[in-house]
Amino acid sequence: MDCRPRLIDYRTGAVLILLAATLLGLPACRRKATFEENYSGALENIKRGKYQLAQIQLRQAYIQSPNNIETRYQLAMVQLKLQEDNSAYSLLREAEEKDHHQSSVSVPIRIELAKLFIAAKMYEQAQQRLIWVLQKEPRNRDALDMLAKALLYMAQPEAAKEQIDMLLAEDPQNLDGRTLDMALHLAA
């Protein structure tokens, strides 16, 4: 009987087991990214259009710092890009509840929520957020435009006309404002 083939099988098996153990142990040795690394890396990936990778990093940053309003907002924006509107809505609502009007994304949170509410035909909810934005930033063009549309949908043409006039005073070339103004004149 020849023992050589059997010896090669044992050696090959031992090498394979050692290789598998090494490969399994490598991820455990790797240092986990910090909140700052995850967050800044996600922002870079957003700039590059790599939304799925940014989503993974932002989820990790969210786990590492669950009270960070900016992280919630950025994760919601990525989810909107990935057409995960329900998840984005939940994150924006959580961010709005935890935001005490002091974060750098207080206004953008409410603008995005207003967009979602208008899309869902919940115009009163949108109106509340947009009025809040305009109290903070009276010249916010997005808020003026969306509020005019919401008021039109709510059959309040006079109030909508006020918002359109303010929008056009701020930006005379605004196409949405001009279109809404023309529609109001035709309806009258």
Side-chain angles (χ1 to χ4, degrees), residues 42-43 45-47 49-56 58-59 61-62 66-188:
L43 295 181
N45 283 317
I46 290 170
K47 288 178 188 174
K50 297 180 179 181
Y51 299 113
Q52 291 178 334
L53 184 55
Q55 183 181 42
I56 292 167
L58 284 169
R59 283 183 177 160
Y62 176 73
N67 294 323
N68 188 295
I69 305 296
E70 289 84 2
T71 302
R72 286 176 197 252
Y73 171 75
Q74 293 297 339
L75 181 55
M77 297 309 296
V78 166
Q79 289 177 328
L80 286 172
K81 289 282 188 188
L82 296 173
Q83 298 178 343
E84 297 176 12
D85 295 352
N86 290 335
S87 298
Y89 170 77
S90 296
L91 280 168
L92 288 168
R93 288 289 291 136
E94 289 173 15
E96 181 184 43
E97 288 173 11
K98 291 188 179 287
D99 180 44
H100 299 291
H101 319 299
Q102 299 169 359
S103 77
S104 64
V105 292
S106 293
V107 168
I109 287 168
R110 283 148 183 95
I111 293 286
E112 293 304 322
L113 278 171
K115 288 178 186 177
L116 291 172
F117 283 128
I118 288 172
K121 299 181 180 180
M122 299 173 70
Y123 306 118
E124 292 84 11
Q125 293 290 325
Q127 180 184 21
Q128 289 174 2
R129 271 95 187 155
L130 294 168
I131 289 172
W132 184 92
V133 168
L134 290 170
Q135 288 172 343
K136 299 287 181 195
E137 297 179 5
R139 296 177 173 206
N140 187 302
R141 294 176 186 165
D142 291 333
L144 289 167
D145 179 47
M146 285 190 290
L147 184 55
K149 290 174 185 173
L151 291 167
L152 281 174
Y153 292 135
M154 293 167 42
Q156 297 179 19
E158 296 84 20
K161 176 74 171 130
E162 280 181 41
Q163 299 306 313
I164 293 168
D165 289 344
M166 285 191 277
L167 176 62
L168 290 175
E170 194 62 37
D171 181 9
Q173 303 304 318
N174 187 293
L175 293 178
D176 280 345
R178 293 210 168 278
T179 303
L180 290 170
D181 193 40
M182 181 78 69
L184 279 174
H185 283 295
L186 290 174

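Residue indices begin at 1 and follow the sequence shown.
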Mind listing the closest non-hydrogen atom pair of [X] and [Y] along with its distance?
X	Y	result
Leu167	Gly177	CD2-CA, 3.8 Å
Ala160	Leu184	C-CD1, 4.4 Å
His100	Lys98	CD2-O, 3.2 Å
Ser103	Glu70	CB-OE2, 3.6 Å
Lys136	Val107	CB-CG2, 4.4 Å
Tyr73	Pro108	OH-CB, 3.4 Å

Where at least one partner belongs to residues 132-159, residue pairs that pass ring-ring contact (aromatic ring centres under 6.0 Å, His included), sequence neighbours excluded: His101-Trp132, Tyr123-Tyr153
Salt bridge present between Lys115 and Glu112 (N-O < 4.0 angstrom):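 The answer is yes: the pair qualifies as a salt bridge.
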Does Asp99 pair with Arg110 as a salt bridge, N-O distance under 4.0 Å? yes
Is the closest side-chain heavy-atom distance between [X] and [Y] below 4.5 Å?
X	Y	result
Lys161	Asp181	yes
Lys149	Asp176	yes
Leu144	Asn174	no
Ile46	Leu58	yes
Asp145	Ile164	no

Atom CE of residue position Met154 - does it have more than 12 heavy atoms of other residues, nucleotides or ligands inside 6.0 Å? yes
Passes side chain to side chain contact (heavy atoms under 4.5 Å, CB included), Val133 versus Asp142? Steps please. CA-CA 10 Å; Val133 168; Asp142 291 333; over 6 Å; no
Separation between [atom1] of [X] and [atom2] of [Y], rounded to the nearest 0.5 Å:
X	Y	atom1	atom2	answer
Leu151	Leu130	CG	CG	9.0 Å
Gln52	Asn45	CD	CG	11.5 Å
Met166	Asp171	CE	CG	14.5 Å
Tyr62	Asn67	OH	CG	8.5 Å
Arg139	Leu134	CZ	CG	12.5 Å
Arg59	Ile56	CZ	CD1	8.0 Å

Working note: Leu116 + Gln125, criterion side chain to side chain contact (heavy atoms under 4.5 Å, CB included); need CA distance, chi angles, decisive distance, verdict. CA-CA 10 Å; Leu116 291 172; Gln125 293 290 325; over 6 Å; no
Using residues 77-89 as the side-chain source, report each donor-acceptor pair under 3.5 Å to any protein atom, sequence neighbours left out, with the distance given to one decimal.
unit_1: Gln79; atom_1: OE1; unit_2: Ala88; atom_2: N; d: 3.4
unit_1: Glu84; atom_1: OE1; unit_2: Gln55; atom_2: NE2; d: 2.9

Please check: side-chain N/O of Arg72 versus main-chain N/O of Pro66, any donor-acceptor pairing under 3.5 Å? yes
